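Since the structure is predicted, the reported quantities are computational estimates derived from the model, not experimental observations. Throughout, a chain's letter reflects where its sequence line sits, starting with A, and its residues are numbered from 1.
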Amino acid sequence: MSHNLDIASIRNDFPILNEVVNGKQLVYFDNAATTQKPRLVLDALAGYYEHYNANIHRGIHHLAEKATSAFELSRKRLQAFLNAAHSEEIIFTYGTTDGINLVASSYGRKFLKEGDEVIISTMEHHSNIVPWQMLCEEKGCILKVIPINDEGELLMDEYEKLLTERTKFVSVVHVSNALGTINPIKEIIAKAHAVGAKVLIDGAQASSHIEIDVQDLDCDFYSLSLHKIYGPTGMGILYGKRDLLNEMPPYRGGGEMIKEVTFAKTTYNELPYKFEAGTPNIADVVAAKFALDYVDALGKPNIATYENELLAYATEAVKEIEGLRIIGQAKEKVSVLSFVIDGIHHQDIGVLLDQQGIAVRTGHHCTQPLMNRFNITGTSRASFAVYNTTEEIDKLIQGLHKVKRMLG
Amino acid sequence: MTINETQDELISDFELFDDWESKYEFIIDLGKQFPPLEEQYKTEDNIIKGCQSRVWLNAYMDGGLLKFEADSDAIIVRGLVSMLVKVLSGHTPEEIAKADVYFMEKVGLHQHLAQTRSNGLAAMLKQMKAYGFAYQAKSVNA
Ligand SMILES: Cc1ncc(COP(=O)(O)O)c(C=O)c1O
């Protein structure tokens, strides 16, 4: 497979890549934490505030109508992005974490009872652990964890053993932020459904690399953050099957989510507004559409092909660093390279690379149980996006040689 | 030496370095030379919670002076910690409580005290001063 991307021209779309950090041109390899934003998205944000900032769904004046239609257009755009059957299945949230909390709180509290079981995996982000722990504590449910092998792949046999008629919910990550592993979620979903459990997929990391078709996957919920797909911070979406969302109680109370309020009783608005209390993050929702347009114009398969080339190049290149061990060697991976170096603390690596203008993420990546599984306290992680280059990876390798020299 | 004399001495040490590498090599060397904290003091109570590297701080009074020992599992933080200990340890609780720690800023290491570093260094400095306040209060009450 080959891509037809003009990387030099793509780089020009991202003004921040011209930043100089500690006297060097920025090398940004922290894309799994958040991606940079193309000019198109920045212009959309400014354009919204400059030309049609207004509160939505409420006013009847021109600006309010314009803002409302841009807002709802983004919902349609996200519907298409995930191939959801209905636009009201797209609920705007603050991000992946918020969407997971919505489901754990609303669906979980209504439908889960004492003794019911919830399954997550060893490689979950804290965002997909803590909401379920909170629910289990409140309801007396039991949290079960799918183990992984040394390569960082889920043990599917063990998963099957955990599934019983007591399993009511399965919540797993599509792509691991710390390892890069792509999980076989279609199979996970089908197996959970076979015992009558509902499934949420944490799509925070997958959505910028992999095409997502929620109808084909048949997941019940899919949560993601736009800031990891070249879009703005502070917004994401929760996809949920319409019938389920309809059965679920609201999560927050306030404006927008109501039909009628009296002091005796409030009737709730319909989907999707039932779950969107208060003035939403209008500007960022509006700009999100442009991020998705950008991604689709490049084409996710092209992006994935190019990123996989970068990953293969980097995986080969780091072999020359003595004592470096890659954490996460799954067969199916996105462009995340997590590693440890014998005798060197990840934070020292991060500080010294930063001095050279190279941004990597160091630490436990909000996956402490996963770090414990590998008996480490953290890793250094380089994660690649479509605007990165092999020349930048060469700089990382030189940077690591320097780190080793200085700390040796 | 007073707290400020030690700080000024450190500042002039750093004036010798004209690039980041020699500066960090110096910090790494300080980290390597700094005596490790005895295991018995690496307790949960003495740990300064930081996101990335662990920092331990042990404080005790010795002849009216407040003394510190510390450690970290990351070498650069260890070097930075050793400077904070050098500057503050062995002074009266009152002096420590009142101290204005300015050398990090002056030598261009202030980013290590910033929130985002989450390395516990800022928390450690706060804790050292808190010990100063606590022992000062004790001696006033005694
Ligand atoms: C796998 C995974 N899940 C959840 C999250 C949380 O996303 P957000 O902080 O945007 O809510 C992240 C982000 O780091 C992630 O990588």
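Near-neighbour residues of residues 389-408 of chain A relative to chain B, defined by a heavy atom under 4.5 Å from a heavy atom of that chain, comprise A:Lys402, A:Met406, A:Leu407, A:Gly408.
Annotation for B:Lys32: atom NZ counts as buried by contact number, over 12 foreign heavy atoms lying within 6.0 Å. Counting non-hydrogen atoms of other residues, nucleotides and ligands closer than 6.0 Å to NZ of B:Lys126 gives a total of 12 or fewer. Shown here is B:Glu5, whose CD atom has more than 12 heavy atoms of other residues, nucleotides or ligands within 6.0 Å. Heavy atoms from other residues, nucleotides or ligands lying under 6.0 Å from OH of A:Tyr94 number 12 at most. When the shell of 6.0 Å around CD of A:Glu320 is examined, it contains more than 12 heavy atoms from other residues, nucleotides or ligands. The 12-atom threshold is exceeded at CZ of A:Arg373, counting heavy atoms of other residues, nucleotides or ligands nearer than 6.0 Å. Other residues, nucleotides and ligands contribute at most 12 non-hydrogen atoms within 6.0 Å of the CE atom of A:Met134.
For the atom pair A:Gln355 CD and B:Asp19 CG, the distance stands at 10.0 Å (nearest 0.5 Å).
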With side-chain contact (heavy atoms from CB on, under 4.5 Å) as the test, would you mind laying out the steps for B:Tyr24 and A:Leu352 before giving the verdict? CA-CA 8 Å; B:Tyr24 276 86; A:Leu352 295 178; 3.9 Å; yes
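Of all non-hydrogen atoms in B:Val77 and A:Gln347, the two that sit nearest each other are CG2-OE1, 3.5 Å.
For the set A:Thr362, A:Ile344, A:Thr377, the count of heavy-atom pairs under 4.5 angstrom toward chain B peaks at A:Thr362.
Looking at B:Ile76, both its backbone and its side chain come within 4.5 Å of chain A, counting heavy atoms on both sides.
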